[in-house]
Amino acid sequence: MLASGLADEADEADLDEDAWAALTAARENIATADVTELRGHLDRIDEGILADGDMDPGLVVALSALEHWTSYLEEHRRGELYELAIRSLEEVDHRVSAALDDFLAEPEMAAEYARITRSLTA
């Protein structure tokens with residue numbers, strides 16, 4: 001989710017320069033970084049938030065995903081993975097506006113659901 005470009009359209013005024021650098025580093029190393037490194041990035045981001053309650057929605061989703069992944073690595077709670085899956089489906093729904101009565105009817109949503117199912121059952 002961090003690699004999907006959710007934060008690419010965020011306003012530069014949402015975070016200070018160091019927070020943007022931390023987010024970039026987290027995005028580039030999400031698959032290989034250890035929990036200490038990721039928590040350090042999150043702390044730097046938290047300290048550098050400039051937005052006053054009106055942060056870019058894509059940036060909020062990206063930061064939430066980073067927090068859930070880091071928390072999963074720290075505590076190994078499956079609920080964090082479920083939260084990541086929900087955020088991922090919400091992100092696709094935001095892009096394709098899936099119908100509430102059959103949200104898997106959209107090919108993008110069906111593909112994301114299948115990807116999540118494979119990941120959680122592997």
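We number each residue from 1, following the sequence as shown.
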Report task. Begin from the C-alpha positions of Arg115 and Glu112 and carry the test salt bridge (charged side-chain N to carboxylate O under 4.0 Å, His left out) through to its verdict. Result -> CA-CA 5 Å; Arg115 184 193 69 77; Glu112 184 62 12; 2.6 Å; yes
Taking atom [atom1] of [X] and atom [atom2] of [Y], what is their separation to the nearest 0.5 Å?
| X | Y | atom1 | atom2 | result |
| --- | --- | --- | --- | --- |
| Arg44 | Arg39 | CZ | CZ | 14.0 Å |
| Ile45 | Trp20 | CD1 | CH2 | 9.0 Å |
| Leu15 | Asp46 | CG | CG | 10.0 Å |
| Leu81 | His76 | CG | NE2 | 10.5 Å |
| Glu28 | Leu23 | CD | CG | 9.5 Å |
| Leu38 | Asp43 | CG | CG | 11.0 Å |

For the pair [X] (side chain) and [Y] (backbone), establish whether a donor and an acceptor sit closer than 3.5 Å, ignoring hydrogens and angles.
| X | Y | answer |
| --- | --- | --- |
| Asp14 | Asp56 | yes |
| Ser71 | Glu67 | yes |
| Asn29 | Thr32 | no |

**Report entry** Test item: side-chain donor near acceptor, Thr70 and Glu74, under 3.5 Å
**Finding:**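 No.
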Requested in this report: Kindly work out whether a path of hydrophobic side-chain contacts (I/L/V/M/F/W/Y, heavy atoms less than 4.5 Å apart) joins Phe103 to Tyr82.
Outcome: yes
Query - Connected via hydrophobic side-chain network under 4.5 Å: Leu50 and Val60 - result: no
Query raised in the report: Can you find a heavy atom in the side chain of Ile30 that is under 4.5 Å from one in the side chain of Leu66?
Result: yes
Report task. Give the C-alpha distance, both sets of side-chain angles, the deciding distance and a yes or no for salt bridge (charged side-chain N to carboxylate O under 4.0 Å, His left out) between Glu83 and Arg78. Result -> CA-CA 9 Å; Glu83 289 296 325; Arg78 292 173 56 186; over 6 Å; no
Which heavy-atom pair separates [X] from [Y] by the least distance, and what is that distance?
| X | Y | result |
| --- | --- | --- |
| Arg87 | Ser64 | CD-OG, 4.0 Å |
| Leu73 | Ala33 | CD1-O, 4.5 Å |
| Leu63 | Met55 | CD1-SD, 3.8 Å |

Query raised in the report: Is it true that atom CG of Asp52 has more than 12 heavy atoms of other residues, nucleotides or ligands lying nearer than 6.0 Å?
Result: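 Counting neighbours around CG of Asp52, 12 or fewer heavy atoms of other residues, nucleotides or ligands fall under 6.0 Å, so no.
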Report task. Evaluate whether atom CD of Glu75 has more than 12 neighbouring non-hydrogen atoms of other residues, nucleotides or ligands under 6.0 angstrom away. Result -> yes
